[in-house]
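Report on the structure given below.
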Amino acid sequence: MYAGVEARGFIFGPPIALAIGAKFVPLRKPGKLPGTISNIHTYHFSDKNVHFDGIEKVLLKDTIDCDVKKGRVISEEYELEYGRDCLEMSVEAVKSEERALIIDDLVATGGTLSASINLLERAGAEVVECACVVGLPKFKGQCKLKGKPLYVLVEPNQFDELTL
Ligand SMILES: O=P(O)(O)OC[C@H]1O[C@H](OP(=O)(O)OP(=O)(O)O)[C@H](O)[C@@H]1O
Ligand SMILES: Nc1ncnc2[nH]cnc12
């Protein structure tokens, strides 16, 4: 299955998934998926080291019945070049041990892909690779991907980056 990151990962993920007959799972910005938010995991990055602060906040505690009806949504907060953001995923979208490839338009710090890997692994999937159309090597995003392979189609040189 392919997991794509909102918003521009939605341009590239679905056609590839359709082409090979695989499922597409959307990783969405906060508050857009139906269901009950079960918790948020927060990670802090400093250069190449990743620190998990161990906090698991229960935001909404619904009954089990309610979870079954509405579905369960998990969240990951992350840091990127210009601040913080959050991605969410429906737990029911993924089956245990399902193999996943993550697609996005661009990798810079790797914060977005790292949060995506964490979401999928928390839901029981096995992330086999990440793929992006553009990679910005100066941000060393590969270092945050827990050793997962990263496929990048183009890496702009310094001159090209000025126009991105
Ligand atoms: O490697 P990173 O430092 O995490 O940066 C990469 C992310 O930044 C951009 O999205 P953005 O968060 O700007 O959101 P958008 O798709 O809604 O524009 C881009 O589409 C990636 O998803
Ligand atoms: N430096 C950058 N240029 C274009 N898009 C981006 N998304 C995140 N960082 C970016």
Side-chain angles (χ1 to χ4, degrees), residues 1-30 32-35 37-56 67 71-81 84-156 164:
M1 67 106 133
Y2 282 80
V5 182
E6 185 169 1
R8 286 169 282 178
F10 288 5
I11 299 170
F12 302 103
I16 299 170
L18 270 175
I20 65 162
K23 177 170 78 179
F24 179 76
V25 173
L27 307 180
R28 301 216 59 184
K29 295 287 163 63
K32 297 189 171 186
L33 287 167
I37 297 172
S38 62
N39 56 50
I40 286 182
H41 280 187
T42 305
Y43 291 80
H44 302 289
F45 300 111
S46 59
D47 293 332
K48 291 176 187 165
N49 299 318
V50 179
H51 308 284
F52 175 42
D53 67 11
I55 298 171
E56 187 166 300
D67 276 352
R72 195 157 60 91
V73 175
I74 52 174
S75 301
E76 285 278 335
E77 288 182 350
Y78 57 96
E79 289 175 11
L80 69 177
E81 203 184 327
R84 302 183 64 79
D85 213 332
C86 181
L87 280 177
E88 295 184 348
M89 186 186 79
S90 294
V91 176
E92 288 77 12
V94 172
K95 292 197 194 94
S96 181
E97 295 179 23
E98 204 164 18
R99 285 159 58 82
L101 200 146
I102 303 171
I103 307 265
D104 205 356
D105 65 319
L106 180 140
V107 55
T109 67
T112 306
L113 288 179
S114 169
S116 306
I117 292 169
N118 291 334
L119 281 175
L120 286 155
E121 289 186 343
R122 283 169 60 196
E126 181 201 351
V127 177
V128 292
E129 190 168 3
C130 301
C132 292
V133 179
V134 181
L136 303 181
K138 73 173 179 184
F139 294 107
K140 301 183 170 58
Q142 172 92 63
C143 301
K144 289 191 191 142
L145 306 187
K146 297 166 81 173
K148 306 290 180 196
L150 172 65
Y151 175 82
V152 164
L153 193 60
V154 283
E155 286 188 346
L164 275 175

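The structure presented is a predicted model; accordingly, all values stated were derived computationally and were not measured.
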Before giving the answer on salt bridge (charged side-chain N to carboxylate O under 4.0 Å, His left out), spell out for Lys148 and Glu121 the whole-Å C-alpha distance, their side-chain angles and the decisive distance to 0.1 Å. CA-CA 12 Å; Lys148 306 290 180 196; Glu121 289 186 343; 3.2 Å; yes
Lys23 and Ala93: which non-hydrogen atoms are nearest, and at how many Å? NZ-O, 2.7 Å
Less than 4.5 Å apart, any side-chain heavy atom of Pro26 and any of Phe24? yes
On a heavy-atom basis, which atom in Pro156 and which in Gly135 lie closest, and how many Å separate them? CD-O, 3.2 Å
Working to the nearest 0.5 angstrom, can you tell me the gap between Glu129 CD and Leu145 CG? 11.0 Å
Could you tell me the separation between the CG atom of Leu27 and the OG atom of Ser75, rounded to the nearest 0.5 Å? 11.5 Å
Please lay out, stage by stage, how Arg28 and Glu6 fare under the test salt bridge (charged side-chain N to carboxylate O under 4.0 Å, His left out). CA-CA 5 Å; Arg28 301 216 59 184; Glu6 185 169 1; 2.9 Å; yes
Where do Ser90 and Pro34 come nearest, in terms of heavy atoms and distance? OG-O, 4.5 Å
I'd like to check Tyr2 versus Ile20 (side-chain heavy atoms, cut-off strictly below 4.5 Å). Are they in contact? yes
Kindly indicate, with the supporting measurements, whether the criterion side-chain contact (heavy atoms from CB on, under 4.5 Å) is fulfilled by Val94 and Met1. CA-CA 9 Å; Val94 172; Met1 67 106 133; 3.4 Å; yes
So Ile102 and Val5, do their side chains get closer than 4.5 Å, heavy atoms only? yes
Check the pair Val107, Leu150 against side-chain contact (heavy atoms from CB on, under 4.5 Å), reporting the backbone distance first and the verdict last. CA-CA 9 Å; Val107 55; Leu150 172 65; 4.0 Å; yes
For the residue pair Val73 and Lys32, establish whether any side-chain heavy-atom pair is separated by less than 4.5 Å. no
Heavy-atom pair with the smallest gap, counting every atom of Ala115 and Tyr78: CB-CD2, 3.4 Å
Using the side-chain contact (heavy atoms from CB on, under 4.5 Å) rule, take Leu119 and Leu87 through it: C-alpha gap first, then chi angles, then the decisive distance, then the call. CA-CA 8 Å; Leu119 281 175; Leu87 280 177; 3.9 Å; yes
Got a second to check how far Leu101's CG is from Glu126's CD, nearest 0.5 Å? 11.5 Å
Nearest heavy-atom approach of Cys130 to Leu113 is CB-CD1, 4.0 Å
Please round to the nearest 0.5 Å and tell me the distance separating atom OG of Ser114 and atom CD of Glu76. 7.5 Å
If you define the side chain from C-beta out and look only at heavy atoms, does anything of Leu80 sit under 4.5 Å from Thr112? yes
Does any donor atom in the side chain of Glu81 or Thr109 lie under 3.5 Å from an acceptor atom in the other side chain? no
Answer yes or no: are there more than 12 heavy-atom neighbours, outside Lys29 itself, under 6.0 Å from its atom NZ? yes
Arg8 and Asp104: which non-hydrogen atoms are nearest, and at how many Å? C-OD1, 4.2 Å
Spatial distance of atom CG (Asn118) from atom NZ (Lys144) [nearest 0.5 Å]: 12.0 Å
Quick one: pull up CG in Leu106 and SG in Cys132 and give me the separation to the nearest 0.5 Å. 7.0 Å
